[in-house]
A.B. asks: 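One structure coming up, written as structure tokens, with questions to follow.
Atom set for the values below is all heavy atoms of this structure, side chains included, hydrogens, waters and symmetry mates excluded. Counting starts at 1 for both ligands and their atoms, in listed order. Quick caveat, the model's predicted, so the values are computed rather than measured.
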Amino acid sequence: MTGLLERDRGLLWHPYAPLDGPSPYAVHDASGTRLDLEATDGTRFSAIDAMSSWWCAVHGYRHPVLDAAIHDQADRFSHVMFGGLTHEPAVRLAEELVRVTPARLQHVFLADSGSVSVEVALKLAVQYQAATGHPGRRRFVAVRGGYHGDTTGAMGVCDPVDGMHALFPGLVSDQLFLPRPPAARTDHGKLLPEADPAVDAWITEAEELVAAHADTVAAIVVEPVLQGAGGMHVYPPRCLAALRRIADRHDVLLVADEIATGFGRTGAPFAVEHAGVEPDVLCLGKALTGGYLTLAAVLCSGRVAEAVTRSPQRALLHGPTFMANPLACAVAAASLSLLTPAVTDRVAEIGRELSTALAPAAELPAVREVRVLGAVGVVELTGPVDVGAVTRAALERGVWVRPFRNLVYTMPPYITGPDEIAAIGAAVTGAIAQVHR
Ligand SMILES: *Cc1c(COP(=O)(O)O)cnc(C)c1O
């Protein structure tokens, strides 16, 4: 296997990593919550995947129900074009998505990745505005510290600094940004009630920004309650409820990007539900297929769909080659069938267990804060994490994490047991204590 790592080196780009290292770990196998990994020095690790492969593998690896769904569909057909054709897996998945998401959302576009679903949502918002007599409304209001994907339209609504707007002038569009909302307080994985005057000030700022640009804004784009890859920041649901009111007041759409937060991760089926808010457009991805295949969905309300249908184009102007891939739709429908109330209860328990397991990390000198929302645990350091060293130190303790910036965080699979959650907490705490003395 070390041969594999040598062949990888200089050949394959890894996400946001230089071609010449640092070396990745080779995966031999993955089953349940476990990854079987090998380092460049030949060391083997059987590690709990505390990342769910970036929010995706919520049911763990090689789940029999998901494996069977893929096999059954592969025995029929693996892919067909969606232009002029349809199939049972796509229709079943769309019916299910409409059923489980907020009532307003009635129509489904099946895209091939999260970023593409954001592109579709942006186009949908612009098409909606043009169709309702506002062709000048083509910009977006987004939130500092947000992350919405790596394609250029999506980059435009990412945090302008993290999103590297300055590096891609002309390619990445110039959008309007609200400050990052104040932090919410959490206790044992649950949001605490909040009456912070800083939140009122943020809401006033949001109202003023949208009011000042209402003639040019098509939609507000936001990750509800938990900003993910932009900094694992939890903010009060009241901010989201305010954005809903502001959007309504100015006939601007509210696009909720739940690519990371969807399907129970934050302790509610969808994070918008913490605020009792229904978006006009909802993006889903990541855990949609239980992490088996790339697939994303854009849901929209009847009002949005009707406007587009009445427009001269009549269609949503998008259509990727692999849209609604049957294998991906079949495994996504199977993944949804596994998200029973018992699983939702388990997420809440994971939240409580993670708070206990990560509490000792808060005592470390290098740690600024520990926060837990649902099955997401975040340890924020006072300075940048030594990613390579902390990753290795956690692996030596039987846990796979992938820190970034000043954050060591975990969102384990929902099948992770109490002992494994304790092991994750101990490994994260131990690794930080060892590396950041
Ligand atoms: C991961 C992510 C995306 C991008 O999805 P990809 O499948 O990586 O293109 C967009 N928005 C949010 C909130 C995400 O977490």
A.B. asks: Is the closest N or O pair between Lys286 and ligand 1 shorter than 3.5 Å?
C.D. replies: yes
A.B. asks: Which heavy atom of the protein is the closest neighbour of atom 11 (N) of ligand 1, given with residue, atom name and distance?
C.D. replies: Asp257 OD2, 2.7 Å
A.B. asks: Can you give me every donor-acceptor pair (side chain of residues 102-114, partner residue at least two apart or in another chain, under 3.5 Å) with its distance?
C.D. replies:
residue : atom : partner : partner atom : Å
Arg104  : NH1  : Asp280  : OD1          : 3.2
Gln106  : NE2  : Ala103  : O            : 2.7
Ser113  : OG   : Val116  : N            : 3.4

A.B. asks: Need the ligand 1 atom indices (1-based, order shown) with element for anything under 4.0 Å from a heavy-atom of Gly149.
C.D. replies: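 Under 4.0 Å from Gly149, ligand 1 has these atoms: 4 (C), 10 (C).
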A.B. asks: Is it true that Asp174 and Arg139 have a side-chain N and a carboxylate O under 4.0 angstrom from each other?
C.D. replies: yes
A.B. asks: Heavy-atom contacts with Glu223 under 4.0 Å: which atoms of ligand 1 show up? List them by number with element.
C.D. replies: 13 (C)
A.B. asks: Show the nearest heavy-atom pair for residues Val272 and Pro224, with the distance to one decimal.
C.D. replies: CG1-CG, 3.7 Å
A.B. asks: Where the side chain of His87 meets the backbone of Ala324, is there a donor-acceptor pair that is under 3.5 Å apart?
C.D. replies: yes
A.B. asks: Under 4.0 Å from ligand 1, counting heavy atoms only, is it the side chain of Tyr147, its backbone, both or neither?
C.D. replies: both
A.B. asks: Please confirm whether the backbone N or O of Ser335 pairs with a side-chain atom of His59, one donor and one acceptor, at under 3.5 Å?
C.D. replies: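 Here the side-chain-to-backbone pair exists.
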A.B. asks: Flag Gly114 as yes when one of its N or O atoms lies below 3.5 Å from any N or O atom of ligand 1, and as no otherwise.
C.D. replies: yes
A.B. asks: Not counting sequence neighbours, which residues clear ring-ring contact (aromatic ring centres under 6.0 Å, His included) with Phe270? List them please.
C.D. replies: Phe263
A.B. asks: Any nitrogen or oxygen of Ser115, side chain or backbone, less than 3.5 Å from one on ligand 1?
C.D. replies: yes
A.B. asks: Which atoms of ligand 1 have any heavy atom of His148 under 4.0 Å away?
C.D. replies: 10 (C), 11 (N)
